[in-house]
A.B. asks: 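This is the structure I want to talk about, given as structure tokens.
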Number of protein chains: 2
Amino acid sequence: MYRKVSDSTVRRLSLYLRILEDVEDPRGTVSSEDLADQAGTTAAQVRKDLSLFGSFGKRGLGYLVPELSGRLRQILGLDREWRVALVGAGRIGAALFEYPGFRSRGFEIVAVLDHDPAKIGERWGNVTIEDVAHMEEVFAETATQILIMAVPARAVQELVDRAVAAGVRAVLNFAPAQVKVSQDVALKDVNVVMELEALSFTLSQGREGR
Amino acid sequence: MYRKVSDSTVRRLSLYLRILEDVEDPRGTVSSEDLADQAGTTAAQVRKDLSLFGSFGKRGLGYLVPELSGRLRQILGLDREWRVALVGAGRIGAALFEYPGFRSRGFEIVAVLDHDPAKIGERWGNVTIEDVAHMEEVFAETATQILIMAVPARAVQELVDRAVAAGVRAVLNFAPAQVKVSQDVALKDVNVVMELEALSFTLSQGREGR
DNA sequence: AGGTGTGAACACTTTCACAGCA
DNA sequence: TGCTGTGAAAGTGTTCACACCT
């Protein structure tokens, strides 16, 4: 639909939405400068980002908060529910499952899978932990669209390959491994150790990081 | 020490190191192309990244694995131990505390703090959960260098301000809030919802993400 | 021959500056 | 007047291509 939207732009769009959601006056307006201040960027950047998707500001006034947040939700695809499967019911999987921020954004965890016989059958909230061996059936039954991988590094590539073969087109990977997927699959990595290493680098070297 | 090293370069350096650590022949050599394949980048990129820090490859041969990994560890500041304090002993804090990948990289969690009287005094491994009210003393006693914030969004700014005033110069923030710090403090955010939103965007729009 | 190190070309992102609309 | 939307300029990061070393 839209072409050439950079990763950093998408990140900022999420941020703008979060800012709009707890602005003082939810019926009022915000200027690009207001948003920029809160987001830690520049007014020009905000306008450039938004202008990629049309022009929905009022000159001399700014942006109407309800209109802009609605538009951002639509752009980000948050005007619907996403069906998410969590693979890996260990410590990280549990913390993710409990995190309330997903559901409130429309990300519904509809399945939890694990490999460990001791965990299979256990009930978490309103889902039962399934055997990862039956991944394909579970994804079909639950109409899974997004995969969260919280398994050990050595297991992740094979499981992702199976999930992709079963039709999943978006993966959020917590395993510290470089997963290879074809171009038509969206993949994001979350790697806390890498973030710490970036801090370590900045502390060790001159001060230019952020 | 080194100037103008981009964020993406630092990220890749971490990745190169991880790749080197589980290369088949730990006494052998790797070429920039080998590394690039594993890291999902190009050989030229690998050479550019490394050349920022000197030239330690052998023409016609590649890089000696032990030498390069040692050098990368040094560049990233991983040739020492970092003393980390964890603020927030909730679900996310607990998952982070248990994660073995930190210690193996030299990040030692030397203090855990929380606000909840029910948790204060509890023992996690070899640390006792302290009252966040005593943050300054705890940081001084433990010589904390890096802060991990796993607290609710509303609490994070004030706590980071206090930590910075107490001398901390690096913060890894898990709270979904935009924390403001002065230029000389390194700050990284980990925001899983934002990553999911980026996936949602890619799924909703045309296929150009990754 | 094989593979590094690097200037130059290219691509992408951010900032500037201002025309134009409410 | 106030603030958006946007071409053009500046800045940054990536890729190319090749000289050079082993």
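What you see below is based on every heavy atom in this structure, not just the backbone, and it leaves out hydrogens, waters and symmetry mates. Reminder, nothing fancy here: chain letters follow the sequence lines and each chain counts from 1.
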A.B. asks: First and last nucleotide of DNA chain D in contact with chain A, 5' to 3', at under 4.0 Å to a heavy atom: what are they?
C.D. replies: D:dG2 to D:dA8

A.B. asks: Rounded to the Å, how far apart are B:Leu64 CG and C:dT4 P?
C.D. replies: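 Taking CG of B:Leu64 and P of C:dT4, I get 11 Å after rounding.
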
A.B. asks: Sequence neighbours left out, what pairs pass ring pair (Phe, Tyr, Trp, His ring centres under 6.0 Å) with at least one residue falling in residues 134-167 of chain B?
C.D. replies: none

A.B. asks: Pair B:Val138, B:Thr144 - check side-chain contact (heavy atoms from CB on, under 4.5 Å), show working.
C.D. replies: CA-CA 8 Å; B:Val138 174; B:Thr144 287; 5.7 Å; no

A.B. asks: The criterion is side chain to side chain contact (heavy atoms under 4.5 Å, CB included); which residues satisfy it with A:Ala153, sequence neighbours excluded?
C.D. replies: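 Counting only residues at least two positions away or on another chain, A:Ala153 forms a side chain to side chain contact (heavy atoms under 4.5 Å, CB included) with A:Pro176, A:Ala177.
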
A.B. asks: For the pair made of CG in B:Leu50 and P in C:dG3, what is the distance, rounded to whole Å?
C.D. replies: 16 Å

A.B. asks: Please test A:Glu195 against A:Leu199 for side-chain contact (heavy atoms from CB on, under 4.5 Å), starting from the C-alpha separation and ending with a verdict.
C.D. replies: CA-CA 6 Å; A:Glu195 305 298 334; A:Leu199 291 176; 5.9 Å; no

A.B. asks: So which pairs with a foot in residues 50-69 of chain A pass side chain to side chain donor-acceptor pair (under 3.5 Å), sequence neighbours left out?
C.D. replies: none

A.B. asks: Might you point out which heavy atoms bring A:Ser32 and A:Val46 nearest each other, and give the distance in Å?
C.D. replies: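 Scanning both residues completely, I find the closest heavy atoms to be O-CG2, 3.8 Å.
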
A.B. asks: Does anything in residues 21-31 of chain B pair up under side chain to side chain donor-acceptor pair (under 3.5 Å), and if so which pairs, sequence neighbours excluded?
C.D. replies: B:Glu21-B:Arg73, B:Glu21-B:Arg105, B:Ser31-B:Asp34

A.B. asks: Whole Å only: how far is the CG atom of B:Leu68 from the C1' atom of C:dG3?
C.D. replies: 14 Å

A.B. asks: Rounded to whole angstrom units, what separation is found between the CG atom of A:Asp49 and the P atom of C:dT15?
C.D. replies: 10 Å

A.B. asks: What are the residues of residues 9-18 of chain B, sorted by number, that bring a heavy atom to within less than 4.0 Å of DNA chain C?
C.D. replies: none

A.B. asks: Please tabulate, for the side chains in residues 81-102 of chain B, all donor-acceptor contacts under 3.5 angstrom to protein atoms that are two or more places apart in sequence or on a different chain.
C.D. replies:
{"residue": "B:Trp82", "atom": "NE1", "partner": "A:Ser200", "partner atom": "OG", "Å": "3.0"}
{"residue": "B:Trp82", "atom": "NE1", "partner": "B:Gly77", "partner atom": "O", "Å": "2.8"}
{"residue": "B:Arg83", "atom": "NE", "partner": "B:Thr142", "partner atom": "O", "Å": "2.6"}
{"residue": "B:Arg83", "atom": "NH2", "partner": "B:Thr142", "partner atom": "O", "Å": "2.9"}

A.B. asks: Go through the steps to decide whether B:Leu20 and B:Leu35 satisfy the test side-chain contact (heavy atoms from CB on, under 4.5 Å), and finish with yes or no.
C.D. replies: CA-CA 8 Å; B:Leu20 289 173; B:Leu35 275 173; 4.2 Å; yes

A.B. asks: Looking at DNA chain D, which of residues 24-46 of chain A put a heavy atom within less than 4.0 Å of it?
C.D. replies: A:Ser31, A:Ser32

A.B. asks: Is the side chain of B:Gln74 donor-acceptor paired with the backbone N or O of B:Asp79 at a distance under 3.5 Å, no angle test?
C.D. replies: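 Such a contact is absent between B:Gln74 side chain and B:Asp79 backbone.
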
A.B. asks: Pairs in or reaching into residues 17-53 of chain B: which pass ring pair (Phe, Tyr, Trp, His ring centres under 6.0 Å), with residues at least two apart or in two chains?
C.D. replies: B:Tyr2-B:Phe53

A.B. asks: Please write out each protein N/O paired with an N/O of nucleotides 18-20 of chain C under 3.5 Å, distance rounded to 0.1 Å.
C.D. replies:
{"residue": "C:dG20", "atom": "N3", "partner": "A:Arg59", "partner atom": "NH1", "Å": "3.3"}

A.B. asks: Can you list the steps and then say if B:Leu203 with A:Ile146 is a side-chain contact (heavy atoms from CB on, under 4.5 Å)?
C.D. replies: CA-CA 9 Å; B:Leu203 288 179; A:Ile146 299 178; 3.8 Å; yes

A.B. asks: Short question: side chain of A:Gln145, backbone of A:Ala170 - any donor-acceptor pair under 3.5 Å?
C.D. replies: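 The answer is no, because no donor-acceptor pair under 3.5 Å joins these two groups.
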
A.B. asks: Classify every nucleotide of nucleotides 7-12 of chain C by which part a protein heavy atom approaches to under 4.0 Å, writing B for the base, S for the sugar-phosphate alone and - for neither, in 5'-to-3' order.
C.D. replies: BB---S

A.B. asks: CD of B:Glu33: more than 12 outside heavy atoms within 6.0 angstrom?
C.D. replies: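 Atom CD in B:Glu33 is not packed in, count stays at 12 or less.
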
A.B. asks: Applying salt bridge (charged side-chain N to carboxylate O under 4.0 Å, His left out), name anything that partners B:Arg162, two or more places apart in sequence or on another chain.
C.D. replies: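 Partners of B:Arg162 by the salt bridge (charged side-chain N to carboxylate O under 4.0 Å, His left out) criterion, ordered by chain and then number, come out as B:Glu136.
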
